[in-house]
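Notes follow once the structure below has been shown.
Side chains are part of it too, since the values below use all heavy atoms of this structure and drop only hydrogens, waters and symmetry mates. These figures come from a predicted structure and were not determined experimentally. Labels below follow one simple rule: chain letters A, B, ... track the order of the sequence lines, proteins then strands, and each chain is numbered from 1.
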There are 4 protein chains.
Amino acid sequence: MSETSSSETESARLGRRLRLGMVGGGQGAFIGAVHRIAARLDDRYELVAGALSSAPERAKASASELYISPDRAYASVEEMVEKEAGRTDRVDVVSIVTPNHLHFPAAKLLLEAGFHVICDKPMTTSAEESAELVEIVKRTGKLFMLTHNYTGYPMIRQARAMVQDGAIGKLRIVQVEYAQDWLTEPLEQTGQKQASWRTDPKRSGAGGCIGDIGSHGYNLANFVSNEKPSELLGELSHFVDGRVLDDNVQILLRYGSGAKGALWASQVAPGNENSLRLRVYGDKGGLEWAQEDPNYLFYSPFGQPTQKLTRGGNGAGDPAQAVSRIPGGHPEGYLEAFGSLYNQFAEVLSAHILGNPAPDCAALLPSVEDGLDGLRFIEAAVASSSEGGVWKRL
Amino acid sequence: MSETSSSETESARLGRRLRLGMVGGGQGAFIGAVHRIAARLDDRYELVAGALSSAPERAKASASELYISPDRAYASVEEMVEKEAGRTDRVDVVSIVTPNHLHFPAAKLLLEAGFHVICDKPMTTSAEESAELVEIVKRTGKLFMLTHNYTGYPMIRQARAMVQDGAIGKLRIVQVEYAQDWLTEPLEQTGQKQASWRTDPKRSGAGGCIGDIGSHGYNLANFVSNEKPSELLGELSHFVDGRVLDDNVQILLRYGSGAKGALWASQVAPGNENSLRLRVYGDKGGLEWAQEDPNYLFYSPFGQPTQKLTRGGNGAGDPAQAVSRIPGGHPEGYLEAFGSLYNQFAEVLSAHILGNPAPDCAALLPSVEDGLDGLRFIEAAVASSSEGGVWKRL
Amino acid sequence: MSETSSSETESARLGRRLRLGMVGGGQGAFIGAVHRIAARLDDRYELVAGALSSAPERAKASASELYISPDRAYASVEEMVEKEAGRTDRVDVVSIVTPNHLHFPAAKLLLEAGFHVICDKPMTTSAEESAELVEIVKRTGKLFMLTHNYTGYPMIRQARAMVQDGAIGKLRIVQVEYAQDWLTEPLEQTGQKQASWRTDPKRSGAGGCIGDIGSHGYNLANFVSNEKPSELLGELSHFVDGRVLDDNVQILLRYGSGAKGALWASQVAPGNENSLRLRVYGDKGGLEWAQEDPNYLFYSPFGQPTQKLTRGGNGAGDPAQAVSRIPGGHPEGYLEAFGSLYNQFAEVLSAHILGNPAPDCAALLPSVEDGLDGLRFIEAAVASSSEGGVWKRL
Amino acid sequence: MSETSSSETESARLGRRLRLGMVGGGQGAFIGAVHRIAARLDDRYELVAGALSSAPERAKASASELYISPDRAYASVEEMVEKEAGRTDRVDVVSIVTPNHLHFPAAKLLLEAGFHVICDKPMTTSAEESAELVEIVKRTGKLFMLTHNYTGYPMIRQARAMVQDGAIGKLRIVQVEYAQDWLTEPLEQTGQKQASWRTDPKRSGAGGCIGDIGSHGYNLANFVSNEKPSELLGELSHFVDGRVLDDNVQILLRYGSGAKGALWASQVAPGNENSLRLRVYGDKGGLEWAQEDPNYLFYSPFGQPTQKLTRGGNGAGDPAQAVSRIPGGHPEGYLEAFGSLYNQFAEVLSAHILGNPAPDCAALLPSVEDGLDGLRFIEAAVASSSEGGVWKRL
């Protein structure tokens with residue numbers, strides 16, 4: 001049970017919960033609530049400050065509901081930075097859960113003011129901003145985690161470790177897909193909040209579907225395969241009248257090693273709720289995983305029967321166990337995977353605060369460099385497609 | 001998002017987290033940690049006191065890891081009752097997560113001292129004790145919830161509501177099974193803690209597998225079907241040499257309405273981790289659900305294609321939504337279902353504390369009477385089997 | 001490819017197709033057409049004679065459609081026996097595909113006239129008749145195959161061989177079920193032919209659902225487990241008003257070895273088309289198979305991941321291969337399994353005609369003794385239920 | 001039951017079985033045996049002549065095993081054409097089941113000699129040959145069927161009809177994949193017959209995997225979607241050292257209507273036996289089908305639960321029923337789908353012989369024009385890839 005702060009953990013050595021602030025995520029938001037549950041799950045954080053909404057009334061009301069003290073319910077990141085900096089019990093780390101275009105200015109302000117940062121994805125709205133953020137993180141020495149939350153799933157950790165250990169041999173093929181259907185009709189024209197900003201280039205950046213979910217697929221494929229493509233060719237489409245950004249994306253990938261890949265992301269594929277699926281094949285075997293049934297990993301060593309590896313069960317090893325809470329057959333889900341990123345980042349933060357070396361899990365958490373990779377991927381795909389479908393280097 | 005304490009909830013009206021105590025669940029325990037995550041998930045409780053272990057050192061160490069103040073780390077329930085009673089910030093409710101034989105004395109003590117109680121199942125080790133507990137709850141007027149956690153799954157709520165609404169017509173057949181494999185070999189002889197007490201009649205009661213998991217299956221079938229059997233015939237077996245209690249149970253059920261049922265529970269069925277499955281059929285349709293894939297409910301209206309209803313997705317209505325946190329395709333699991341019981345009990349507790357009428361969800365939470373039903377079921381099955389396999393009234 | 005009569009087979013040694021007659025199976029019948037496809041599939045038989053219907057016009061018309069010569073289109077079994085006996089090209093073997101109550105007199109007549117017999121199940125309408133048939137087969141020395149067709153599935157052969165080879169260790173638990181939904185409503189009252197005779201005790205015998213499909217489940221469990229129960233307790237129900245025979249059956253089984261079983265058969269379970277499923281568990285592992293997805297067999301060695309064995313693919317061995325035609329991933333189905341019984345019986349018949357020893361596969365084909373077992377099972381279950389639900393010896 | 005030649009069918013009007021010849025398919029071949037079973041299944045054909053092997057001894061032996069009269073066991077197509085032409089009981093139709101490079105010369109010879117032809121796919125080794133064959137079929141007036149056998153699956157027929165009827169609305173996305181693993185290692189270097197010719201450009205043509213299975217995927221997508229792409233971009237790879245032809249293919253598709261597609265075919269993806277899967281999405285719904293579980297079709301009308309349509313069961317209509325033999329829940333498979341092409345082609349042939357109008361099913365059978373489309377697809381993909389990955393018109 002990762003919940004128990006055994007005396008061997010950095011969190012246990014720290015001996016207190018981390019103080020968490022939040023930017024965005026007020027009433028009506030989706031991902032902010034997810035971050036809060038994730039932070040609570042393993043009891044490493046307490047939410048003590050927030051700039052939860054750009055609307056002051058909503059910011060106050062949201063804070064109150066979350067038991068945040070009124071004097072730490074801020075109207076803006078700027079106010080948060082200013083007031084928190086003066087407190088002895090200042091927040092250790094701040095989660096940024098706003099629409100995409102606000103990630104960069106908030107992260108810059110927080111990092112430069114000395115706060116560690118947790119940031120939702122895509123990291124910024126341009127590779128240029130992302131490159132600058134990489135530099136800021138380096139310069140400030142502050143810790144930064146990007147919530148590519150799907151990398152927190154135990155069987156994804158298991159898959160990555162198996163690929164590293166040679167279970168599938170030399171990588172040949174990557175097939176990744178992320179299909180949804182919620183934008184099949186012009187939902188943004190009804191004023192629905194999530195749809196509105198995600199289809200608006202001013203708030204989402206140059207990519208629609210590719211930024212919102214394609215970037216997750218890309219990140220997950222890289223995480224598991226331990227390789228990054230060197231070239232891509234993208235076909236971005238928008239099927240709904242009046243929509244400016246892509247809602248369906250098909251991409252071919254070439255790897256320096258000779259491996260080949262294909263990525264499909266769609267928000268207009270009826271019958272798909274949140275169907276992120278990854279298949280990787282090498283010269284010795286294959287692996288298959290689906291986010292909607294995340295406790296299973298199917299492993300096919302060439303010439304032998306396919307095995308169903310289960311989280312907490314037979315065939316799953318330490319990499320999966322490290323981010324599991326309960327035994328096999330007791331399904332963990334999306335919130336637990338999200339929570340595991342928070343939980344492991346708490347270890348990294350605690351070690352940092354204590355002046356201890358970073359724990360091993362630090363290498364598994366999505367970094368500011370991964371964020372930059374994601375933006376480069378998005379921009380290359382957009383450019384490839386707008387030029388008529390040509391190969392682009394990554 | 002049930003996480004957001006909207007101003008319409010009883011919890012929001014209460015305006016503070018409920019103060020929670022815990023009996024049992026120290027280091028090395030399984031279910032205690034589950035209860036704590038469940039309590040944290042929706043931010044309605046703070047754990048402030050504990051009698052976490054009968055071993056004083058372990059009790060202290062466990063409390064410290066859980067940020068429980070040393071002066072509220074008690075050595076026994078007796079001490080907890082005595083000391084907490086004297087505090088103005090005394091605990092509102094106490095969770096009992098010990099081995100079965102300790103449930104009754106702890107619950108009795110707590111209830112009579114004026115504390116509300118959350119208790120793990122099976123409720124006691126005999127129907128006699130359970131009947132007494134029903135009486136104590138009635139007499140004290142305190143609130144009591146039994147954690148038949150599987151009833152907290154959204155698609156189980158959906159199924160129950162559909163049965164009530166006539167989706168399957170008049171009930172004819174109930175097929176429920178709960179298969180595990182972890183006791184396939186004599187694990188208890190290795191000293192493994194979970195196996196040891198669960199196979200020991202002194203700590204588990206007269207039922208082994210039937211009490212540990214069979215009672216869950218029975219409760220779930222009743223919850224969804226809205227009916228209770230009137231007769232049963234049980235075949236209890238123990239397949240592992242040296243084991244005294246049953247590790248495999250096959251039971252036939254007769255309902256007063258004429259419906260028929262079968263229940264299979266096993267802890268010696270290799271390949272089954274925690275495979276609780278329920279199927280109910282009526283003269284208009286059928287429903288099928290499996291705990292290991294809990295976000296789906298399969299509905300077969302007679303003469304039409306089977307439909308896959310999904311949590312948070314198409315076909316799931318208010319009863320499921322009320323205990324969901326995130327959209328369809330983002331799987332919720334065991335901890336979320338467990339957390340939903342805690343979350344809804346927080347509503348009931350808050351209303352009680354405020355003097356408000358009990359909210360509707362109170363009727364959905366497993367009660368002390370359900371606990372008594374469970375023990376009667378266990379005892380009838382044990383008696384049926386020991387008499388050679390005869391029908392027994394429930 | 002079993003289709004190719006390689007020179008090593010008995011059929012190849014015989015050097016001609018077997019001449020097949022058929023009793024029943026005229027226009028509008030279901031199972032007769034299945035038998036004919038099965039007989040054709042591997043090209044071991046040619047259908048040359050028939051008493052296809054008790055209605056002379058229909059018998060003639062049916063024969064004509066099947067390219068049966070008019071002089072071999074008989075009006076009754078009696079005529080077939082008489083006329084065929086006088087031919088030099090007389091039929092080698094006759095398939096009986098009538099409603100149940102006609103099986104016995106037809107089989108008796110054919111066997112005593114010197115014809116080999118293939119007979120649909122249940123074999124007769126009483127154990128008494130079945131016992132007599134066992135005696136007739138023994139006395140006449142003619143060959144007899146009962147079409148418990150599900151034993152012809154490759155992965156069922158695989159499962160049986162694995163159990164024999166110790167893959168699951170000592171047998172502990174058998175869970176078998178066979179659920180359909182086509183009799184959910186009183187279909188027999190509409191005059192539908194299949195429903196009418198199957199719900200009529202005069203034509204079906206004392207069992208309804210238990211005879212029609214329960215006997216298949218029983219036979220399959222015995223075939224795979226290599227054990228037969230010694231006691232049963234049955235709960236037979238009929239849920240549809242006006243129906244006399246059972247349409248739902250729940251049965252508990254005790255084995256001499258100490259193993260325990262449960263069988264559920266139903267024809268009133270909406271959403272189930274032909275859902276025959278078998279699970280067997282021992283002290284070393286478990287096996288799971290479902291008829292609707294017959295090319296897979298799930299094998300769970302205790303403590304290891306579940307493996308998906310596939311027909312023609314990895315993990316399937318000679319026993320499966322012997323009744324397969326095409327590679328893995330190219331699904332075979334119901335007709336192929338049925339055809340494999342015909343194909344292997346052709347081997348047995350050819351050897352018999354040639355005076356050669358019976359090939360090994362003879363031991364795998366459902367026999368007249370299996371038919372007697374089936375009737376004893378049906379009668380014991382009916383008796384158990386009618387006496388209120390008591391244990392009966394088998 | 002399509003097996004019964006009811007008096008309304010063209011086959012029944014013809015009143016005899018069609019006389020079938022076969023070119024290729026001798027001992028050791030795979031697909032020849034499949035064609036023979038397919039031809040036998042519904043009893044519309046009798047195999048009476050063969051040029052089964054280019055090796056005379058094997059040709060004779062193979063014919064003998066198949067009960068072909070020695071005088072019709074030919075050493076070559078040329079001999080077959082010459083000798084059969086002189087018979088009054090000459091073959092009606094000839095199946096060509098040789099390696100690819102022999103399809104064209106055999107088909108040309110047979111058609112020009114007045115025989116109808118059934119031909120395996122890909123139709124020829126070049127689009128040029130295919131175009132010539134289209135012309136020959138037109139000129140001779142003979143009937144021609146290409147065995148794109150997957151179009152014979154009932155639920156594929158169902159899917160096509162649903163798309164035509166507007167069930168998914170306007171087509172947006174096609175995702176088709178066909179993955180196998182049998183060429184993961186250099187099997188052709190072991191002398192294995194199937195692998196040898198399929199990886200040899202002299203016998204297979206310019207495409208390896210793309211011709212062998214990619215062309216099936218392409219054909220199936222077109223069949224179901226009722227649209228053909230106008231442009232493609234292909235990435236062909238060969239991962240096994242020493243292999244010349246592609247063993248993995250990723251292709252992007254653009255449709256004139258604005259729809260977009262992606263096709264993946266691979267023979268080096270461990271864990272995939274014969275995993276042909278098709279998903280199509282429109283603005284009203286989606287459909288999903290997998291060849292390895294062919295009796296199911298998943299239909300997702302936007303905003304409603306996904307439905308599981310079953311062959312012979314609820315939700316499947318006439319288009320599926322027309323190519324089904326047995327009820328739902330009794331799985332049909334690969335051989336049945338293959339047989340349905342033969343069965344329906346028998347209808348077309350019988351009508352032609354009788355001088356009757358072609359039956360409706362003629363429009364559903366894969367034609368010589370489909371064969372030409374397939375070769376154009378293969379050649380465009382090969383060209384696209386060899387030019388570095390550029391868009392090509394189809």
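In summary, the side chains of A/Asn272 and D/Tyr281 do present a donor paired with an acceptor at a separation below 3.5 Å, with no hydrogens or angles considered.
For the ring-ring contact (aromatic ring centres under 6.0 Å, His included) test with D/Trp289, the passing option among D/Phe223, D/Tyr150, D/Tyr153, D/Tyr296 is D/Tyr153; the others fail.
In this structure, no portion of D/Ala179 lies under 4.5 Å from any heavy atom of chain A. With a 4.5 angstrom heavy-atom cutoff, D/Leu236 touches chain A only via backbone atoms. If you measure heavy-atom distances from A/Asp283 to chain D, the contacts under 4.5 Å come from the backbone alone.
Of the listed residues (D/Thr184, D/Asp181, D/Val280, D/Asn248), the greatest number of heavy-atom pairs within a distance under 4.5 Å of chain A belongs to D/Thr184. Interface check for chain A: of the options D/Trp182, D/Trp264, D/Trp391, the most heavy-atom pairs under 4.5 Å are formed by D/Trp264. Contact tally against chain D (heavy-atom pairs below 4.5 Å) for A/Ala262, A/Gly258, A/Ala269: the top residue is A/Ala269. Between chain D and the options A/Glu235, A/Arg172, A/Arg279, the largest number of non-hydrogen pairs under 4.5 Å is found for A/Arg172. Of the listed residues D/Lys170, D/Glu185, D/Glu177, D/Arg254, the one with more heavy-atom pairs under 4.5 angstrom with chain A than any other is D/Arg254.
Of all heavy-atom pairs between D/Gln180 and D/Asn274, the closest is NE2-OD1, 2.8 Å.
A donor-acceptor contact shorter than 3.5 Å links the side chain of A/Glu379 to the backbone of A/Ala127. With D/His148 contributing its side chain and D/Asn219 its backbone, the two residues share no donor-acceptor pair below 3.5 Å. Between the side chain of D/Ser384 and the main chain of D/Val390, a donor-acceptor pair closer than 3.5 Å is present. Although no hydrogens or angles enter the test, the distance criterion places a donor-acceptor pair under 3.5 Å between the side chain of A/Ser225 and the main chain of A/Glu227. Using modelled atom types, one side-chain atom of A/Ser386 and one backbone atom of A/Ala383 make a donor-acceptor pair closer than 3.5 Å.
Below 4.5 Å, heavy atoms of chain D meet heavy atoms from A/Ser300, A/Phe302, A/Thr306, all part of residues 297-311 of chain A.
A salt bridge links D/Arg277 with D/Glu288: the closest approach of a Lys/Arg side-chain nitrogen to an acidic carboxylate oxygen falls below 4.0 angstrom.
Side-chain contact between D/Val240 and D/Leu183: absent, with no pair of heavy atoms (C-beta onward) separated by less than 4.5 Å.
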